[in-house]
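Read through the structure below, which is laid out as structure tokens, and then see the notes.
Every value quoted in this text rests on a predicted model; they were computed, and no experiment measured them. The chains referred to below are lettered A, B, ... by the order of the sequence lines, with proteins before strands, and numbering in each begins at 1.
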Amino acid sequence: MLAYIGRRALLAVFTVWAISALAFAIIQLPPGDYVTSYIAQMASMGSVVSDEEAQNLRIQYGLGQPIYVQYLKWMELVVQGDFGFSMEWRRPVTEVIGDRLWLTVVVSVAALLLTWVLALPIGIYSAVRQYSVGDYVATFIGFIGLAVPNFLLALVILYLGFTLFNAHIGGLFTPELQDAPWSQAKVWDLFKHLPIPALILGLAGTAQQIRIMRANLLDELRKPYVVTARSKGLSEARVILKYPVRLALNPFASTIGYTLPYIVSGSIIVSIVLGLPTVGPLLLKALIAQDMFLAGTIVLLLGVMTVIGTLISDILLVWVDPRIRLEDT
Amino acid sequence: MDCGTPPIPMDVRTATQTLLSVRNLKTYFPQDEGTVKAVDGVTFDLYPGATLGIVGESGCGKSVTARSILRIVDRPGRIVDGEIHFRRPTTNGGAGQTVDLTKLEPNGPEMRAIRGAEIALIFQEPMSSFSPVHSVGNQIIEAILLHQQVSRRDARDKTIEMLQRVGVSSPEARVDQLASQLSGGLRQRAMIAMALSCHPTLLIADEPTTALDVTTQTQILELMRQLQREDGMAIMLITHDLGVVAEMATDVAVMYLGRVVEQAPVDAIFHAPQHPYTRALLRSIPRMRARSRARLTPIVGAVPHPYDRPSGCPFHPRCADFMAGTCDRRAPSLRPVGDQHTVSCFLYE
């Protein structure tokens, strides 16, 4: 089992390296080097970059040297937490991204948890009571959830919230706390604002997962080991939860990895509609403005998050399905 | 462990009451296309410590009968008529009160107390009848904990002891293994260990050896006989293999299209079969002492489609002794033709 996790971790490191190369390529894409555009940018702001300063920057980024040296120099800075300078925002990238990365993680994880909390029981119910009224209702709502674009849902909820309750639903914080430093009150405020974005972002996923759970469980329910469990005299709930549900969970565990980035990239429009301070809208703006250090950094960070998510789901899978452990021994 | 209970001699059985008495059991599966009458009036008796072989072609309702007794018929199937009288054991091992299993809630506490503890089931697929992600031991311990007031540690010890009894080598290690790590024969042994872990008075074995090779098959049958001698339980052995029946059974019930067409002690079935279907079935199996070029006689025709059951006696379209105007009009019922020998055929009415 350790060998299995070790191999997965090694693959993860390799993947992160590949993603970093990709992010570097994105940064290299626009014509001219970084320092030239930096000087132009500074000039447009009215300040002058001295020749000495420009030279220091060139040395720091290894400009003029072979591309792999430039890459290594950039990686060196990245590892130290220096992601470069955002042309668009005229501030270091770290400052621009700031809390947004963590807020993105919080919103994504909340959406994922909500998806599971809703999808698992509904999916189990749908399978166990196949073709019942409840199953049809769940199926109907599920397909609606799949078919309605989530930004539309966001608009509808905003509208309803405003007209019916005169409530401002957008954002993750009340305006007074928006720029306040982190405090217990602000965390609680975030917690209160989280359910609606999480629900909107998670709805399509929930619908999909209900269908997956239902289909998986229907397959498993027909297996002989369910009859064995039943013939022991176990209660029906225990039969179903201990045996077929456990096996039907496998695909769930293996989808966490790609669900996380899906929520992030799928959340751009919703984030704009709801005014969520996540990295999604930032990435969109950076790409439009060709703000390459910012874009490259976000791609890098999202990539790393995806890899971490996949690693987590691989480890979860070992826990859920002991047969995987055996394949190594 | 309370080993060494002597088997009940054959001649005592008239004095003993039946352990399981199935009367006119009907289990139907309503489908969109029509109703499948999987079990359509099954009647048989099973005595304590005896082995009843239930024989018949695929799809004749053998397995559904077994599941009806355990009340674990899959939806949409349900018991629509009939009675299943089961004599529950008392705590001191004597014969207790009978209950009609069809009157119990399938998932109610009384049925669940019987299921697994007093009536146990083993079946054909030793591979898929264990959960692939739980250890074999976990699944046996679960059964013991459910029906007996013992600690988890004691249940584990009992499980290892039981695995040892059914001939699993190094049970201390096997107990923590997954079913996929065991061979087919070992899996079926573990399955038997699980079924017998709570000392049932009735073991239903649904084609227990069909998926095994011949050598393993013999070993498993021998094991079942040995455990029956030691524990004194009755076995209801479902099979389509007449060889297995000849080897194991004390009594035989022959089923055709959801009905028992003949029930008799094993010798009478093999040496004096009465029903045309039983006779045809016996003619269709090879014999060791037959002439070397003798041809086997297959039963003409095929089992009818479940939605299209023949009128009258369900066997009449394939029957060599078909009597027009009688067999296709009315359905015969089981009648005694000899000592403990009943047949459902107009030839004997």
Counting only N and O atoms by type, is there a donor-acceptor contact under 3.5 Å from the side chain of Gln188(B) to the main-chain atoms of Phe123(B)? yes
Chain A heavy atoms under 4.5 Å from Met111(B): which part of the residue, side chain, backbone, both or neither? neither
Under 3.5 Å, is there a donor-acceptor pair linking the side chains of Gln177(B) and Arg174(B)? yes
Side chain from CB out, backbone as N, CA, C, O: work out which of these in Arg230(A) comes under 4.5 Å of a heavy atom of chain B, or both, or neither. both
Largest heavy-atom contact set with chain A, pairs under 4.5 Å, which of Arg67(B), Glu142(B), Met191(B): Glu142(B)
Would a distance-only check, ignoring hydrogens and angles, find a side-chain to backbone donor-acceptor pair under 3.5 Å from Arg187(B) to Leu182(B)? yes
Residue among Ser129(B), Cys198(B), Gly116(B) with most heavy-atom pairs under 4.5 Å to chain A: Ser129(B)
Give, as side chain, backbone, both or neither, the part of Ala120(B) having an atom under 4.5 angstrom from any heavy atom of chain A. neither
Whatever's closer than 4.5 Å to a heavy atom in chain B on Leu234(A) counts as both
Chain B contact via Arg238(A) - side chain, backbone, both or neither, heavy atoms under 4.5 Å: side chain
Arg78(B) CZ: over 12 foreign heavy atoms closer than 6.0 Å: no
Electrostatic pair Lys223(A):Glu220(A) at N-O distance under 4.0 angstrom: yes
Which distance, rounded to the nearest 0.5 Å, do you find between the CG of Leu121(B) and the CE of Met194(B)? 9.0 Å
Winner by heavy-atom pair count (cut-off under 4.5 Å) against chain A, out of Ala113(B), Ala143(B), Pro132(B), Ala117(B): Pro132(B)
